[in-house]
Amino acid sequence: MSNSSFPTEFLLLPFADTRQLQLLHFGLFLGIYLAALLGNGLILTAIDCNDRLHTPMYFFLLNLALIDLGSVSTTVPKAMANSLWDTTTISYAGCATQVLMFVVFITAEFSFLTIMAYDRYVAICKPLHYGTITDNRTCANMAAAAWGSTFVYAVLHTANTFTLPLCQGNVLDQFFCEIPQILKISCSDAYLREVGLLMLSVLIAFGCFVFLVLSYVQIFRAVLRISSEQGRHKTFSTCLPHLAVVSLFISTAFFAYLKPPSISSSSLNLFLAVLYSVVPPAVNPLIYSMKNKELKVAVRKQICGIFYNTLKDPFTLY
């Protein structure tokens, strides 16, 4: 690297040193990536093509599927390419782009999970007003506000991070570019403004977390007041997938970023990064459809339609 404080490229943390393990990592990530593309793609097409799923809950779920596609496409392809071509480099511009997109999608996911908690709260606790409170215009405005605010937030973070001079080389202790790893190699007296912005982010995230908890406290209280066991089960089935996704997202991110420094290591950092950035986009489609009969039927129809069109007599296409 040159003597400049702003390097032309960064070195990412490799998953393995031997060629065989690198190819194994490539194959594993390829399988996870294809599973994420297929699962979220089926959810997108199922919601778009089924008029019965054109409701606020599925509208927000469609946004979450888009976010999962975006987040997994931000980190996994570059990691696969590095393993395949036996390299660890990423350009300065590529690293900045990866940070920007990763922050956009991670922040947007938390925003939409919070919005979905509000949607479930209104649907269960105020069912008579659900149609007026969450009409199409309101849902579109909430989605636009979530996407717009997260993009501005990500631009501010990325611009602030990549204007910091780097004094400790260009080696990142992670398989993709993220803000905490860049702060580690920045000059100690220059990153305080970014730390301040991160602390503000933590406070906002904590506020959203409190809102999520309070929403589900009210939801559970309302569900427990339902006299019919079948009614309680049906109502819970609309909340459990969202609650499972929220728990997976918060628990993995919380442990990854707030774990004690005494147990930190490169291997553990890699494992946790895969756990919160790669695994959720692949398993979320399964969680969404596991307890949701309507979505399960719609996805099954999409799969059957794909196989039918594939096996159909080619002469019928003309």
Side-chain angles (χ1 to χ4, degrees), residues 32-33 35-37 39-44 47 56-77 97-121 139-140 142-158 176-180 198 201-213 215-216 239-258 272-290 292 295:
I32 294 174
Y33 187 54
L37 292 181
N40 289 289
L42 284 172
I43 285 181
L44 287 173
I47 294 175
M57 182 178 75
Y58 292 108
F59 170 71
F60 296 130
L61 184 57
L62 183 143
N63 279 272
L64 281 178
L66 281 172
I67 290 167
D68 283 340
L69 283 175
S71 63
V72 77
S73 297
T74 299
T75 57
V76 172
T97 302
Q98 198 173 62
V99 166
L100 173 67
M101 300 311 297
F102 187 72
V103 174
V104 165
F105 290 122
I106 291 297
T107 311
E109 180 156 6
F110 196 42
S111 300
F112 275 98
L113 289 174
T114 306
I115 292 173
M116 286 187 73
Y118 174 72
D119 172 73
R120 292 297 83 207
Y121 163 75
C139 292
M142 285 193 291
W147 281 111
S149 59
T150 54
F151 183 75
V152 171
Y153 171 81
V155 169
L156 289 175
H157 257 309
T158 305
F176 66 95
C177 291
E178 62 175 357
I179 291 174
L198 284 173
S201 305
V202 169
L203 289 176
I204 296 173
F206 181 73
C208 292
F209 175 74
V210 171
F211 180 83
L212 281 165
V213 172
S215 296
Y216 268 99
C239 300
L240 288 179
H242 175 258
L243 191 58
V245 172
V246 169
S247 301
L248 178 65
F249 177 81
I250 292 178
S251 60
T252 54
F254 180 86
F255 190 71
Y257 289 108
L258 298 178
L272 291 175
V274 171
L275 206 59
Y276 75 79
S277 67
V278 178
V279 173
V283 301
N284 282 349
L286 295 176
I287 297 174
Y288 296 146
S289 57
M290 191 177 300
N292 193 316
L295 184 60

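Residue numbers count from 1 along this sequence.
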So, the side chain of Gln98 versus the backbone of Thr74: is there a donor-acceptor pair under 3.5 Å, distance only?
-> yes

Report the distance from atom [atom1] of [X] to atom [atom2] of [Y], rounding to the nearest 0.5 Å.
X: Phe110; Y: Ile204; atom1: CZ; atom2: CD1; answer: 11.0 Å
X: Leu64; Y: Ser71; atom1: CG; atom2: OG; answer: 10.0 Å
X: Thr107; Y: Phe102; atom1: OG1; atom2: CZ; answer: 9.0 Å
X: Leu61; Y: Asn40; atom1: CG; atom2: CG; answer: 9.0 Å

Is any side-chain heavy atom of [X] less than 4.5 Å from a side-chain heavy atom of [Y]?
X: Leu248; Y: Val283; answer: yes
X: Ile115; Y: Asp119; answer: no
X: Leu295; Y: Ile47; answer: yes
X: Tyr288; Y: Asp68; answer: yes
X: Ile179; Y: Val103; answer: yes
X: Trp147; Y: Val104; answer: yes
X: Pro281; Y: Tyr33; answer: no

Can a donor-acceptor pair be found between the side chains of Ser251 and Tyr276 at a distance below 3.5 Å?
-> no

For Val155 and Phe151, what are the C-alpha separation, side-chain angles and deciding distance, and is it a side-chain contact (heavy atoms from CB on, under 4.5 Å)?
-> CA-CA 6 Å; Val155 169; Phe151 183 75; 3.8 Å; yes

Give the minimum heavy-atom separation between [X] and [Y], together with the two atoms involved.
X: Val278; Y: Val72; answer: O-CG2, 4.4 Å
X: Met116; Y: Met57; answer: CE-O, 4.1 Å
X: Cys208; Y: Thr114; answer: CB-OG1, 3.7 Å

Quick one: do Glu109 and Asn284 satisfy side-chain contact (heavy atoms from CB on, under 4.5 Å)? Show the steps, please.
-> CA-CA 12 Å; Glu109 180 156 6; Asn284 282 349; 3.7 Å; yes

Under 30°, 30 to 60°, or over 60°: which ring-plane class applies to Phe112 and Phe60, parallel, tilted or perpendicular?
-> tilted

Check step by step if side-chain contact (heavy atoms from CB on, under 4.5 Å) holds for Leu62 and Ile43.
-> CA-CA 7 Å; Leu62 183 143; Ile43 285 181; over 6 Å; no

Heavy-atom count around Phe209 CZ within 6.0 Å, excluding the residue itself: above 12?
-> no

Using a cut-off of 6.0 Å, state whether more than 12 heavy atoms not belonging to Phe249 lie near its atom CZ.
->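 Counting neighbours around CZ of Phe249, more than 12 heavy atoms of other residues, nucleotides or ligands fall under 6.0 Å, so yes.
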
